[in-house]
Amino acid sequence: MNYWLIKSEPSTFGIEDLYHSPGQTEPWDGVRNYQARNMMRDDMKLGDQVFFYHSNCEEPGIVGIVEVSREAYPDLTAFDPSDLHHDPKSDPNNPRWVMVDIKLVRLLKRTITLQELKAKPELAELALVRRGNRLSVMPVAPEQWAFILGLENANTTDY
DNA sequence: GCCAACGTTGGC
DNA sequence: GCCAACGTTGGC
């Protein structure tokens, strides 16, 4: 079992949108970064647990947990000229980009904010809080996963 | 293969 | 809206 964190801008697609999706499941399409793609293609397995992070918004932070409900398959939006993430260089016979399906596990009881994550020495190695990080899909170590989950019930004035 | 220019991300 | 950090592009 692997752990991950995926970012999304709530103005584009937030945890509320996933909550209201049919089957609370959506394809995680539009990833156009090779590092992120490689992780999805090679390492994201059925049942892997994933933090859902809201970026570029009023209160950036982790807002929910999802799981991988289908492993990597070709991202067909790359072939659609009308799609925002259209990539004319992706060959339909050898698709360049992949996506996985994610299914909502649950919403967190509160947003675990970026500010809070940054303040924890235990999470110094978390890719999310490292300087200049821009990956939309990143691994989370099992200890980091457990630690972050523990924060959900912690007193928010502790930090 | 170098690297400057450019576009994007995302916190603030 | 600003801007730092980073990835990608393309001329050479």
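Not measured: the values here are computed from a predicted model. Every chain is numbered from 1 and lettered A, B, ... according to where its sequence line falls, protein lines coming before strand lines. We use all heavy atoms of the structure for the numbers below, so side chains are in, but hydrogens, waters and symmetry mates are not.
Residues meeting the side chain to side chain donor-acceptor pair (under 3.5 Å) test with A/Arg32, sequence neighbours left out: A/Asp75, A/Thr77. With sequence neighbours excluded, no residue satisfies ring pair (Phe, Tyr, Trp, His ring centres under 6.0 Å) with A/Phe79. Every ring pair (Phe, Tyr, Trp, His ring centres under 6.0 Å) that A/Phe52 has, sequence neighbours left out, goes to A/Trp28, A/His54.
Although no hydrogens or angles enter the test, the distance criterion places no donor-acceptor pair under 3.5 Å between the side chain of A/Thr25 and the main chain of A/Ser21. Formation of a donor-acceptor pair under 3.5 Å by the A/Asp48 side chain with backbone atoms of A/Lys45 is found in this model. The backbone N or O of A/Leu123 lies less than 3.5 Å from no partner atom in the side chain of A/Gln144, so there is not a single donor-acceptor pair.
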- Item | Annotated protein contacts, base or backbone, on nucleotides 6-12 of chain B with a non-hydrogen cut-off under 4.0 Å, one of B, S, - each | -BBSBBS
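Checking A/Tyr34 against A/Arg96 by side-chain atom types alone, a donor-acceptor pair falls below 3.5 Å.
Here A/Arg131 does not reach the OP1 or OP2 of C/dA4: none of its side-chain N or O atoms lies under 4.0 Å away.
Listed by first then second residue, pairs satisfying ring-ring contact (aromatic ring centres under 6.0 Å, His included) with a partner in residues 102-148 of chain A read A/Tyr3-A/Trp145, A/Phe51-A/Trp145, not counting sequence neighbours.
With the end axes of the helix from B/dG1-C/dC12 to B/dC12-C/dG1 each set by five pairs, the angle from one to the other reads 10° at 10° resolution.
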